[in-house]
Protein chains: 2
Amino acid sequence: MRADARDNRARIMTAADDVFGRSPGASTDDVARLAGVGIATVFRHFATKTELLEAVLTLRLERIRDRALELAASDDPGTAFFEFFTQVVSESASKLAIAEALTAAGAAAGEEAREAGRGMREAFSGLLTAAQKAGAVRDDAEMPEVYALLIGASRGATAAKLDPETRDRMLALIYDGLKPRR
Amino acid sequence: MRADARDNRARIMTAADDVFGRSPGASTDDVARLAGVGIATVFRHFATKTELLEAVLTLRLERIRDRALELAASDDPGTAFFEFFTQVVSESASKLAIAEALTAAGAAAGEEAREAGRGMREAFSGLLTAAQKAGAVRDDAEMPEVYALLIGASRGATAAKLDPETRDRMLALIYDGLKPRR
DNA sequence: GTATAAACGGAGTGATGACTTCGAATATAT
DNA sequence: ATATATTCGAAGTCATCACTCCGTTTATAC
């Protein structure tokens with residue numbers, strides 16, 4: 001691959017992440033314009049709009065997974081779990097916008113993105129069981145419902161455009177429900 | 001207004017509620033087809049697609065508010081509050097689809113729909129304070145974050161396509177966080 | 001420096017969907 | 001029953017957007 005091509009590909013992905021993170025309804029032209037390339041260049045690198053969205057979403061998910069793995073190395077599993085949860089919720093807005101753009105573009109997430117999602121969930125699951133073993137999270141809370149809480153808190157915070165204080169108060173309520181019964 | 005016109009208007013709204021509740025990306029033609037009228041008839045009653053979506057969303061919100069007012073008359077405020085919460089979450093899928101269709105159609109909710117939203121929130125607020133007075137919900141939980149929880153749980157349940165059992169387990173976790181500290 | 005293979009950009013193309021027009025149909029008043 | 005005012009619907013118009021074509025430019029191998 002020629003050096004300029006590699007550069008352009010990277011620039012397109014950055015631009016797409018930015019544009020779609022802000023408004024899911026954005027057009028491919030918008031991405032090209034922000035990236036400073038012609039529209040044909042975008043389609044040379046990503047055959048369809050869906051493909052581009054998937055690439056961007058996958059990157060996001062992988063970054064989140066990496067953050068989880070990083071925190072898993074910590075020696076305070078309880079703090080690690082709640083910190084990860086909080087972080088995902090605070091940064092959820094743009095990721096959700098991208099995911100929404102994808103579903104709006106017709107297709108469900110493809111294999112690549114789904115794989116990345118699985119990896120992310122696995123890492124989160126690791127954080128959860130570690131926190132439970134450490135006694136920071138109640139044992140009878142299982143992955144599906146805890147994950148649902150994560151998604152829900154993210155989507156709720158985004159949809160309601162919560163200011164940080166309200167968001168933290170909401171998270172505090174959720175965390176109280178997750179802590180072991182006294 | 002002529003009788004047939006009134007009939008058609010009602011049929012269009014029902015059809016729109018159904019269609020947009022299922023798929024936010026649906027076209028106006030889809031609505032007309034399901035309602036069994038021509039497309040021009042739809043636009044005669046609702047000048048723009050946005051206007052139609054708003055009318056449908058407003059109706060939904062008003063129904064939810066009415067349900068809250070109904071439950072407010074109950075003599076067990078705690079049960080009333082949690083029952084309302086559960087019900088809103090279970091029925092959220094199609095309402096959210098409509099709201100999404102609206103934002104996708106460009107405009108934010110107009111005055112009419114926003115007014116309906118306010119009414120709904122007020123009714124919910126009434127349920128909350130009653131439940132707190134009855135000792136069923138912790139006193140330090142305030143409306144903004146509790147409302148955020150309601151939105152979040154709704155959106156989470158919808159987005160993750162939770163099966164009813166997982167949804168209930170998620171709600172149980174939330175409710176534990178809302179109950180007074182022991 | 002030049003050849004050439006690869007990448008580039010901008011002007012199309014075709015499909016979709018919101019909205020309009022206008023002649024046909026139908027409800028109500030007399 | 002008939003007049004007429006209102007409503008109806010099918011066939012348009014117009015803009016947008018994903019995607020393609022092709023002549024031009026540019027990076028790299030020699």
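By convention in this document, chain letters (A, B, ...) are assigned in the order of the sequence lines, proteins followed by strands, and residues within each chain are numbered from 1. Heavy atoms only: backbone and side chains are in, while hydrogens, waters and symmetry mates are out.
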key: Relative orientation of the end axes in the helix from dG1(C)-dC30(D) to dT30(C)-dA1(D), expressed as an angle to the nearest 10° (five pairs per end)   = 20°
message = Counting only side-chain nitrogens and oxygens, does His45(B) get under 4.0 Å of the OP1 or OP2 atom of dC8(D)?
response = yes
message = In this structure, how many angstroms lie between the P atom of dC8(C) and the CZ atom of Arg33(A), rounded?
response = 18 Å
task = If you link ILVMFWY side chains whenever their heavy atoms are less than 4.5 Å apart, which other residues fall into the same cluster as Ile39(B)? By chain and number, please.
result = Phe43(B)
key: N/O (side chain, Thr41(B)) to phosphate O (OP1/OP2, dG9(D)) under 4.0 Å   = yes
task = Mark yes or no for whether Thr158(A), through its side chain, and Ser154(A), through its backbone, hold a donor-acceptor pair below 3.5 Å.
result = yes
key: side-chain contact (heavy atoms from CB on, under 4.5 Å) against Asp163(B), all qualifying residues, sequence neighbours excluded   = Glu165(B), Thr166(B)
note = Per-nucleotide protein contact along nucleotides 18-30 of chain D, 5' to 3', at a 4.0 Å heavy-atom cut-off (B base, S sugar-phosphate only, - neither), is SBBB----BSS--
remark   = Applying side chain to side chain donor-acceptor pair (under 3.5 Å) to Asp66(B) and not counting sequence neighbours gives none
key: Pair listing, ring-ring contact (aromatic ring centres under 6.0 Å, His included) test, anchored in residues 56-105 of chain A, at least two apart   = Phe81(A)-Phe124(A), Phe82(A)-Tyr175(A), Phe84(A)-Phe124(A), Phe85(A)-Tyr175(A)
query = Could you give the CZ-to-C1' distance, from Arg9(A) to dC8(C), as a whole number of Å?
reply = 16 Å
ask   = Can you list the residues that meet the side-chain contact (heavy atoms from CB on, under 4.5 Å) rule with Ala16(A), with sequence neighbours excluded?
value = Phe20(A), Val31(A), Leu52(A), Val56(A)
note = Members sharing Leu96(A)'s hydrophobic cluster, built from side-chain contacts under 4.5 Å between Ile, Leu, Val, Met, Phe, Trp and Tyr, are none
inquiry  = Without decimals, in angstroms, what is the distance between Phe20(A) CZ and dC17(D) C1'?
reply    = 12 Å
note = In whole angstroms, the gap separating P of dT7(D) from CZ of Arg11(B) amounts to 16 Å
request  = Identify, with sequence neighbours excluded, every residue that meets side-chain contact (heavy atoms from CB on, under 4.5 Å) alongside Ala55(A).
outcome  = Met13(A), Phe46(A)
ask   = What is the distance from CZ of Arg6(B) to C1' of dT6(D), rounded to the nearest Å?
value = 14 Å
